[in-house]
Protein chains: 2
Amino acid sequence: MRWDALEEEPCSMARTIGVIGDRWTLLILRECFLRTRRFEGFQSALGITRHLLAERLKKLVRQGVLRRIPYQDSPKRHEYILTQKGLDLYPIMMAIVHWGDTHMVDTRGRPLLHEHRKCGKNFDPVMVCSECGEPLSAKEVHIHPGPGARTSPATKAPEKPKAKTRRSAA
Amino acid sequence: MRWDALEEEPCSMARTIGVIGDRWTLLILRECFLRTRRFEGFQSALGITRHLLAERLKKLVRQGVLRRIPYQDSPKRHEYILTQKGLDLYPIMMAIVHWGDTHMVDTRGRPLLHEHRKCGKNFDPVMVCSECGEPLSAKEVHIHPGPGARTSPATKAPEKPKAKTRRSAA
DNA sequence: ACTTAACAGTTCGATTTTAGAACTATGAGG
DNA sequence: CCTCATAGTTCTAAAATCGAACTGTTAAGT
């Protein structure tokens, strides 16, 4: 399976993984939310190779997550800022951070605290139902095929039923 | 940077990315939440190579996200089920799906709909503040160093300030 | 008894990605 | 002219992934 194949799967998760589903991309996006905007800033904060950084930034721009805008002429320089599509990744980032805060902290505790400006308190992100406002857990959610589901009726199809191996097919 | 170096960074996001931050791991976890439990099930649903699948499952078990439990003797067979630590990844999964539903759908619409058993309605996940219940956005959140922050006072340090390149350092 | 099948992996050569380091390009400042 | 800052590009070596076949265990069919 190639990376671009992911984006054509009838699964919002696979498509999203095609965009942000690799280590460096996620770390670059972390930096974006921490207000890093420039090539050198990403490079020195992350220790990513310049080659990969250039490639990942290009990909994120192509996908509309970042916008590349000039901040000076002569020499032409650009910086990378989150589009609305990119800003909408915030819940994903917060969910990732929160899981790490819950399950991956050492004895010293959390590396970062998040303060909600509106209420002034340090908080955790909680995922709730848009309809009733109750917190969500996997067991309370039932999945249906939607209008964009694959044409076959089942939730998913094997697509490769030929599992001929062992002792040569001859 | 190696994968295991990520898990020692003083950043909950980096640590989490060390666990789930690759394409196949995320897709394997998707299958877990869709109730896949067995090796062949993962393999045929995803088209992942058996080699990688075995490796990723082992890693997820080692990290306490999945538990490998026998479901029959003779021949000994095991299945992989989510631990509580694994189930806690649900908000991440939902956030990823929701971003895809918002930004990556084709003309036909969403591949899947999610129904909340408690209220009976199709819903979107919304991330709110644990303290005041208001929906969160990046701009309303202020970050402080927590007790597990790196020893230097700044939010982050370059760690590699020596950027000697160009025309030999001699 | 022999053959086929299901399941859960392991092994191995070929291809693709990533790492690591140097190099290019443009203009500023001394 | 030399050096620095910024933003890349290019190159080779190392690591990860792919694709396909192979191993081992037991049940079922003939």
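All figures in this text were calculated on a predicted structure; none of them were measured in a lab. Just so it is clear: chains get the letters A, B, ... in the order the sequence lines come, proteins before strands, and each one is counted from 1. FYI, side chains are in, hydrogens and waters are out, and symmetry mates aren't considered; it's all heavy atoms of this structure.
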key: Pair of N/O donor and acceptor under 3.5 Å linking dA7(D) base with Arg38(A) side chain   = no
inquiry  = So for Arg50(A) and dA7(D), does any side-chain atom that can act as donor or acceptor lie under 3.5 Å from a complementary atom in the base?
reply    =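 When only heavy-atom distances are counted, Arg50(A) does reach the base of dA7(D) through a donor-acceptor pair under 3.5 Å.
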query = Taking the side chain of Pro75(B) as heavy atoms from C-beta outward, which of dT26(D), dT26(C), dT10(C) is closest to it?
reply = dT26(D)
message = By nearest atom, which of the nucleotides dA5(D), dG8(D), dT26(D) is closest to the Arg77(A) side chain?
response =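 Of dA5(D), dG8(D), dT26(D), dA5(D) is nearest to the side chain of Arg77(A).
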query = With Tyr90(B), which residues qualify under ring-ring contact (aromatic ring centres under 6.0 Å, His included), at least two apart?
reply = Phe33(B)
ask   = Can you list the residues that meet the ring-ring contact (aromatic ring centres under 6.0 Å, His included) rule with Trp99(B), with sequence neighbours excluded?
value =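 Counting only residues at least two positions away or on another chain, Trp99(B) forms a ring-ring contact (aromatic ring centres under 6.0 Å, His included) with His103(B).
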Answer yes if [X] and [Y] sit in the same cluster of Ile, Leu, Val, Met, Phe, Trp and Tyr residues linked by side chain heavy atoms under 4.5 Å apart, and no otherwise.
X: Ile81(A); Y: Leu46(A); answer: no
X: Leu136(B); Y: Leu113(A); answer: no
X: Ile96(B); Y: Val126(B); answer: no

Nearest whole Å is fine: how far is [N] [atom2] from [X] [atom1]?
X: Leu53(A); N: dG8(D); atom1: CG; atom2: P; answer: 8 Å
X: Leu57(A); N: dT6(D); atom1: CG; atom2: P; answer: 16 Å
X: Phe39(A); N: dA7(D); atom1: CZ; atom2: C1'; answer: 6 Å
X: Gln43(B); N: dA6(C); atom1: CD; atom2: P; answer: 14 Å
X: His78(A); N: dG27(C); atom1: NE2; atom2: P; answer: 13 Å

task = Show your working on side chain to side chain contact (heavy atoms under 4.5 Å, CB included) between Ile20(A) and Leu29(A) and close with a plain yes or no.
result = CA-CA 9 Å; Ile20(A) 61 158; Leu29(A) 289 168; 3.7 Å; yes
query = Can you give the dot-bracket line for DNA chain D, where a pair is Watson-Crick or G-U wobble with both atom distances under 3.5 Å, crossing pairs use [ ], and | marks a partner on another strand?
reply = ||||||||||||||||||||||||||||||
message = Tell me if a side-chain donor or acceptor on Lys85(A) pairs with a main-chain N or O of Gln63(A) at a distance below 3.5 Å.
response =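 Yes, the answer is positive, given that a donor and an acceptor are paired below the 3.5 Å cut-off.
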note = dist Ile48(A):CD1 -> Thr25(A):OG1 (nearest 0.5 Å) comes out at 7.5 Å
query = Reckon Tyr80(B) has a side-chain N or O less than 4.0 Å from the OP1 or OP2 of dC7(C)?
reply =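 No, Tyr80(B) has no side-chain N/O under 4.0 Å of OP1/OP2 on dC7(C).
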query = Closer than 4.0 Å, any side-chain N/O of Lys58(B) to the OP1 or OP2 of dT10(C)?
reply = yes
Donor-acceptor contacts under 3.5 Å from residues 69-78 of chain B side chains, at least two apart:
from: Gln72(B); atom 1: NE2; to: Pro75(B); atom 2: O; distance (Å): 3.0
from: His78(B); atom 1: ND1; to: Arg68(B); atom 2: NH2; distance (Å): 3.2

Interface residues of residues 62-73 of chain A with DNA chain D (non-hydrogen, below 4.0 angstrom) = Arg68(A), Tyr71(A)
key: Exceeds 12 heavy-atom contacts within 6.0 angstrom, atom CZ of Arg23(B)   =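 Atom CZ in Arg23(B) is packed in, count exceeds 12.
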So which protein N/O to nucleotides 15-18 of chain D N/O distances come out below 3.5 Å?
from: dT17(D); atom 1: OP1; to: Arg56(B); atom 2: NH2; distance (Å): 2.7
from: dT17(D); atom 1: OP2; to: Arg56(B); atom 2: NH2; distance (Å): 3.3
from: dC18(D); atom 1: OP1; to: Trp24(B); atom 2: NE1; distance (Å): 3.3
from: dC18(D); atom 1: OP2; to: Trp24(B); atom 2: NE1; distance (Å): 3.2

task = Inspect the contact between Lys59(A) and Asp22(A) and indicate whether a charged nitrogen and a carboxylate oxygen are less than 4.0 angstrom apart.
result =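 Judged by the 4.0 Å cut-off on N to carboxylate O distance, Asp22(A) and Lys59(A) do not form a salt bridge.
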